[in-house]
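Beneath this line is the structure, given in C-alpha cells, with notes to follow.
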2 protein chains.
Amino acid sequence: MKEKAPRHRSTVQRRIILEELQRTRDHPTADELFQRVRERLPNISLGTVYRNLDVLVRTHLARRIDGVGGQCRFDGDLRRHYHIRCVCCGRVDDLTWMDTGVFDAAGVKAPGYEVIGFRLEFEGICPRCKRDADGTETPPTAH
Amino acid sequence: MKEKAPRHRSTVQRRIILEELQRTRDHPTADELFQRVRERLPNISLGTVYRNLDVLVRTHLARRIDGVGGQCRFDGDLRRHYHIRCVCCGRVDDLTWMDTGVFDAAGVKAPGYEVIGFRLEFEGICPRCKRDADGTETPPTAH
DNA sequence: ATATATGCAAAGCTTTTGCCCTTTC
DNA sequence: GAAAGGGCAAAAGCTTTGCATATAT
C-alpha cells in the first residue's frame, strides 16, 4: 500500500542549497535562498529550490516555518529552539537561550489525535522596526 | 504621523460573516466561510469576505490562524485557547481543556524585541486521517 | 540503463486591489 | 452628501507542475 520512497541523489544543487541554508541564521524564504544560491549556481531555477527545500524538509534536514500571508521560511538549524517573529517586517529570529524543555508534546493529550509535535512562535517588534516605527503601518499578522 | 483609523460601519455582510464565524468551531478558511455566508447572502463576493475578515482581525473580533502552504484559517473564539492541527488534512481543532497560563509572553525576553504575544500550535494526526491512513500520503507540513 | 533531478515556463491557488456603484451614518 | 463598504474582475504573489533534457547511481 505504501509506495516506496525514492532514493534521493546527491546533486550539486541540493548540496549548495543546504549549505546556504545552514550557513545563515536568518530563516530565508524560498526566494531569498534562491537569490543566494544563484550567486554560486547562476543557472539554478526557483523551481529547483522549491523542490529541494521540499526534499530537505521531508528528509528532516531542514525545517519549514509557516509564515504569515502565505510565505514560508526555512530553517537549517535542527537543534531545538524557538522563534520570534516581527509582526512588522516578518523577520524571524532564534530564541536559543530558551533551549529548555518547557514544553513536551508527549505530555499533551488531544482527544482522538496522535500528537506528533508542536510549534511555538513568539511575536514581537524587531529592533529595526521599533526604530523605524511611526505607528502608521499595519503589521502583517493584523491583515 | 499616525493616519486616523476609519470608523467602521455596521453592514449586513460584516454582521453575517462574524455570525457564521462565531457559530462554528472549525476554524474555516476564507473560502469555506464564503461558501457558508453565501447561503444567506447569495450575492456576496469572496473579496468582501476577505476584506471583512481583515477588518475583524484588526478590530480584534476574530483571530487569524496562519496556515500551512499559504492558506489561512480564522477563529471567532476570542477566549484563550490552543490549537492542534492535523498534518494530513490541515484541520484545526481547539484545545480548550488546556486553558491554563502555561505560557506568559510577558516573561519572555527576546534581545531587542518588544514581545507582544506568542502562537502555540500542536501538530498531530486527526482521528479521521488516522482511520484513512495508508501511509502513502505526504502530510502538508512536510511539503 | 534507468530512476531521479534540473530548467524553463505555464498553471494553480490564495489573497489583494482597482473601479464604480451602493449603503451607512 | 461624504465616507465607508460591496461586487466584480483583474492582478499579484507564492508555490507547484509538466515536459524535455541532463545527471547520478
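Every chain is numbered from 1, with letters handed out A, B, ... down the list of sequences.
Atom CG of A:N52 sits about 11.0 Å away from atom CG of A:L21, to the nearest 0.5 Å. A distance of 12.5 Å separates CD1 of B:I17 from CG of B:L61, quoted to the nearest 0.5 Å.
Note: B:Y82 and B:F122 have perpendicular aromatic rings, judged against thresholds of 30 and 60 degrees for the angle between ring planes.
Contacts between residues 18-29 of chain B and DNA chain D, defined by a heavy-atom separation below 4.0 Å, involve no residue at all.
Tested against B:E20 for a side chain to side chain donor-acceptor pair (under 3.5 Å), the candidates B:R40, B:R15, B:R38 yield a single pass: B:R40. Exactly one of A:R85, A:H83, A:R119 qualifies for a side chain to side chain contact (heavy atoms under 4.5 Å, CB included) with B:R119. That residue is A:R85.
For A:T11, the side chain to side chain contact (heavy atoms under 4.5 Å, CB included) partners two or more places apart in sequence, or in a different chain, are A:Q13, A:R14.
Considering only heavy atoms from C-beta on, B:V115 stays 4.5 Å or farther from A:E123 through its side chain. Side-chain contact between B:Q22 and B:L18: present, with at least one pair of heavy atoms (C-beta onward) separated by less than 4.5 Å. Side-chain contact between B:L41 and B:T48 is absent, with no heavy-atom pair separated by less than 4.5 Å. Between B:D94 and B:R25 there is a side-chain heavy-atom pair separated by less than 4.5 Å. With a 4.5 Å cut-off on side-chain heavy atoms, A:R63 and A:D77 do not count as touching.
Rounded to an integer number of Å, the gap from A:N52 CG to D:dT23 P is 16 Å. C:dT14 atom P lies 15 Å from atom CG of B:L53, rounded to whole Å. Separating the CD atom of A:Q71 from the C1' atom of C:dC13 is a distance of 15 Å, rounded to the nearest angstrom. Rounded to an integer number of Å, the gap from CZ of B:R73 to P of C:dT15 is 10 Å. In this structure, B:R7 atom CZ and D:dA3 atom C1' are separated by 7 Å, rounded to whole Å. We find that CZ of B:R58 is positioned 16 Å from P of C:dT15, with the value rounded to whole Å. Rounded to whole Å, the distance from CZ on B:F34 to C1' on D:dG6 is 12 Å. The separation between A:R38 atom CZ and C:dG7 atom C1' is 12 Å, rounded to whole Å.
Donor-acceptor pairing under 3.5 Å is recorded for the side chains of A:T24 and A:D26.
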*Mark up nucleotides 20-25 of chain C, 5' to 3', with B wherever a protein heavy atom is under 4.0 angstrom from a base atom, S wherever such an atom reaches only the sugar-phosphate, and - elsewhere.*
----BS
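Ion pairing between a basic and an acidic side chain is recognised when a charged N comes within 4.0 Å of a carboxylate O; A:R73 and A:D75 show no such pairing.
Summary of helix geometry: the two end axes of the helix from C:dA1-D:dT25 to C:dC25-D:dG1, each defined by five base pairs via their C1' atoms, are inclined to each other by 40° (rounded to 10°).
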Do any N or O atoms of the protein come closer than 3.5 Å to N or O atoms of nucleotides 7-11 of chain D, and which pairs are they?
unit_1	atom_1	unit_2	atom_2	d
D:dG7	OP1	B:Q13	NE2	3.4
D:dG7	OP1	B:N43	O	3.4
D:dG7	OP2	B:S45	N	3.3
D:dG7	OP2	B:T48	OG1	2.8
D:dG7	N7	B:R51	NH2	3.3
D:dG7	O6	B:R51	NH2	3.2
D:dC8	OP2	B:N43	O	3.4
D:dC8	N4	B:R51	NH2	3.2

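Other members of the cluster containing B:V92 are B:I65, with ILVMFWY side chains joined at under 4.5 Å, either directly or via other members.
Put simply, B:R14 has a side-chain N or O that comes within less than 4.0 Å of OP1 or OP2 on D:dG5.
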